Amino acid sequence: MWEAVILTVKLATITTAVLLVVGTPIAWWLARSTAWWKEAVGAVVSLPLVLPPTVLGFYLLIALAPSSPLGQGAAAIFGHTLPFTFAGLVVASVIYSLPFVVQPVRNAFEAFGDRPLEVAATLRASPLDSFFTVALPLARPGLLTGAVLGFAHTVGEFGVVLMIGGNIPGETKVLSIAIYDYVETLEWGKAHILSAGMLVFSFLVILVMMVTERRLRNRLT
Amino acid sequence: MSLSDTDTPPEIEARFRGRRGAFDLDVAFSFPARGMTALFGPSGCGKTTILRCMAGLERMEEGRLVVNGALWQDDKTFVPTHKRPIGYVFQEASLFAHLSVRENLLFGKRRTRATRAGLDLDEVVRLLGLTDLMGRSPLRLSGGERQRVAIGRAILATPEILLMDEPLAALDRFAKNEILPYLERLHEELAIPVLFVTHDLLEAERLADRMVLMDKGLVRANEPIDELLADPSLPLARMPEATAVLTGKVTDIDEVYGLSTLMVSGAEFLIPGNLGPVGSVRRLRVAASDVGLTRSRASGGSSILNGPVARITDVQPMGDFQMTVFLKIGPGGRGAPLLARITRKSWDTLGLEVGDLVHALIKSAALAKDV
């Protein structure tokens with residue numbers, strides 16, 4: 001049982017870290033670009049919000065299969081094919097939870113507008129400099145929200161994991177899969193413990209996030 | 001640049017042309033790289049756009065900008081904003097909310113090449129009265145305090161030119177009056193040339209040495225402010241509140257009568273109050289409606305202290321019954337310009353003509369209000 005909990009926390013932590021690194025530049029581009037097709041990119045990023053997780057998992061499974069070019073590329077990088085491995089879960093989770101990070105971070109970037117960046121430019125800050133010293137600090141509430149949502153969403157995922165990860169203990173058997181297993185095998189007690197734990201965890205996440213975000217925002221406005 | 005150009009004093013030369021919203025902007029003007037130049041005109045005539053173009057924040061279809069011999073922009077060149085040695089003060093102070101006042105002040109200074117000797121923090125803090133604000137968050141400052149920090153932040157970046165976009169417009173009257181003396185002090189103590197946008201004539205009269213007058217995307221005039229305000233061909237002298245400015249040096253303080261002597265081009269003026277140490281330069285605003293004319297000053301016959309000789313250079317009717325008289329102080333008629341608003345009856349009774357010498361009688365109380 002604990003194996004599943006630890007695996008889940010590990011997956012969610014790594015996924016969140018990758019999401020912040022990948023999602024922030026995407027959010028920045030979506031917030032600042034004037035390209036007419038940027039909303040198309042925005043829609044693609046947001047697809048996992050409405051797409052059934054099994055559909056996403058199915059396509060990922062096909063895309064990452066050993067026979068596909070993408071799968072071969074991934075195999076070259078990771079040393080093995082991705083489906084039914086932990087690395088595969090991370091890749092799938094990043095795609096699945098991307099909108100939960102990109103959206104709040106993009107909103108935060110859009111909220112403070114052009115002015116702080118113009119000011120930074122008149123004070124000799126290069127675009128890269130002002131991104132790190134002005135934009136990121138001002139977007140802190142959005143980054144926090146994105147990180148928390150990305151983490152929590154990854155903790156709770158089920159369908160995508162089942163499609164691309166399967167049910168390998170210690171490798172891809174995360175919490176939600178474990179709960180499903182316990183219910184299937186009529187081990188109600190263990191299912192109760194994990195489910196109640198998730199309930200408390202989710203409540204605490206939302207509470208802490210709301211309080212912290214309010215505090216951050218008050219400090220910036 | 002050819003060798004002969006090195007003798008010319010540093011200058012800023014700007015030219016921008018392009019379409020902006022409802023009108024075409026087409027301006028070309030240059031001004032010396034010293035003192036304060038006001039970019040003045042009604043709201044929406046393109047002043048802010050020009051300032052943003054000079055900072056590189058906007059780009060016109062056609063543009064050329066040369067600052068002190070360095071090319072910042074032409075058809076092929078466009079130096080990006082962060083590489084232009086400017087200071088920019090926005091209409092709203094726009095301080096960085098995530099940084100303290102001190103960190104805001106140092107933001108640009110830290111990014112300025114150490115090779116150019118700039119102002120140091122302590123000097124700017126003293127000049128702008130920021131000592132008590134240093135550790136505070138910008139969110140805990142009043143509007144006037146914020147704008148002072150923004151000005152300090154801009155000049156600490158060692159600009160070759162300071163651009164200010166209506167720095168006082170977002171402030172109420174009290175905050176404005178609080179900040180004006182600081183701007184006057186900057187004017188007096190710093191060598192940085194300033195170009196500031198304003199639609200408030202009073203601000204320009206108090207601060208500017210030179211004015212670029214704009215209307216509907218075009219430059220109407222670009223002259224030293226004393227000449228521009230009293231230029232018969234421009235609309236400013238025709239306004240009811242037409243005013244001339246006199247700039248002079250304090251030459252004497254009379255403690256007994258509480259009067260200061262101010263030496264202006266063409267005449268000496270006695271001004272109520274202590275204008276500051278002998279040798280300092282002061283400016284007076286003289287409203288046309290506070291100036292009367294007489295042909296002769298009978299000795300001891302008037303309570304008016306200041307009645308310098310002046311020559312009438314032009315006259316224009318103002319409505320049906322008033323006249324705006326354009327004067328140059330001094331018997332030769334070559335001194336500072338002055339305006340007088342008198343009735344048509346007076347003009348006819350005195351039999352005044354362009355070219356006549358008169359005494360311009362200025363109420364002392366009118367001279368006391370600003371200083």
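Bear in mind the structure is a predicted one, so any value in this text is a computation, not a measurement. What you see below is based on every heavy atom in this structure, not just the backbone, and it leaves out hydrogens, waters and symmetry mates. Naming: A, B, ... by sequence-line order, numbering from 1 per chain.
In the displayed structure, A:Phe84 atom CZ is contacted under 6.0 Å by more than 12 heavy atoms of other residues, nucleotides or ligands. At most 12 heavy atoms of other shown residues, nucleotides or ligands fall within 6.0 angstrom of atom CZ in A:Arg215. Crowding of B:Arg102 atom CZ: a count of heavy atoms from other residues, nucleotides or ligands under 6.0 Å not exceeding 12. In A:Lys38, the NZ atom is crowded: over 12 heavy atoms of neighbouring residues, nucleotides or ligands sit closer than 6.0 Å. Applying the 6.0 Å contact sphere to CZ of B:Arg111 captures more than 12 heavy atoms from other residues, nucleotides or ligands. Within 6.0 Å of CZ on A:Phe158 lie more than 12 heavy atoms contributed by other residues, nucleotides or ligands. The neighbour count for A:Arg115 CZ, taken as heavy atoms of other residues, nucleotides or ligands under 6.0 Å away, is above 12. The environment of A:Tyr59 atom OH is sparse: at most 12 non-hydrogen atoms of other residues, nucleotides or ligands sit within 6.0 angstrom.
Contact residues of residues 72-82 of chain B toward chain A are B:Thr81, B:His82 (heavy-atom distance under 4.5 Å). Residues of residues 182-191 of chain B lying within less than 4.5 angstrom of chain A, judged on heavy atoms, are absent.
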Chi angles and distances behind the side chain to side chain contact (heavy atoms under 4.5 Å, CB included) call for A:Glu118, B:Phe90:
CA-CA 10 Å; A:Glu118 289 185 350; B:Phe90 292 84; 3.7 Å; yes

Does A:Thr133 form a side chain to side chain contact (heavy atoms under 4.5 Å, CB included) with B:His98? I'd like the steps, not just the answer.
CA-CA 10 Å; A:Thr133 58; B:His98 63 294; 5.7 Å; no

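Heavy atoms of A:Ser130 lying under 4.5 Å from chain B are absent altogether.
When all heavy atoms are compared, the tightest approach of A:Ala125 to B:Phe107 is CB-CE2, 3.9 Å. Nearest heavy-atom pair across A:Arg124 and B:Thr112 is CG-OG1, 4.4 Å.
Within the 4.5 Å cutoff, side-chain heavy atoms of A:Val134 are placed close to those of B:Phe96.
With hydrogens and angles ignored, the 3.5 Å screen pairs no side-chain donor or acceptor of B:Arg153 with any backbone N or O of A:Leu123.
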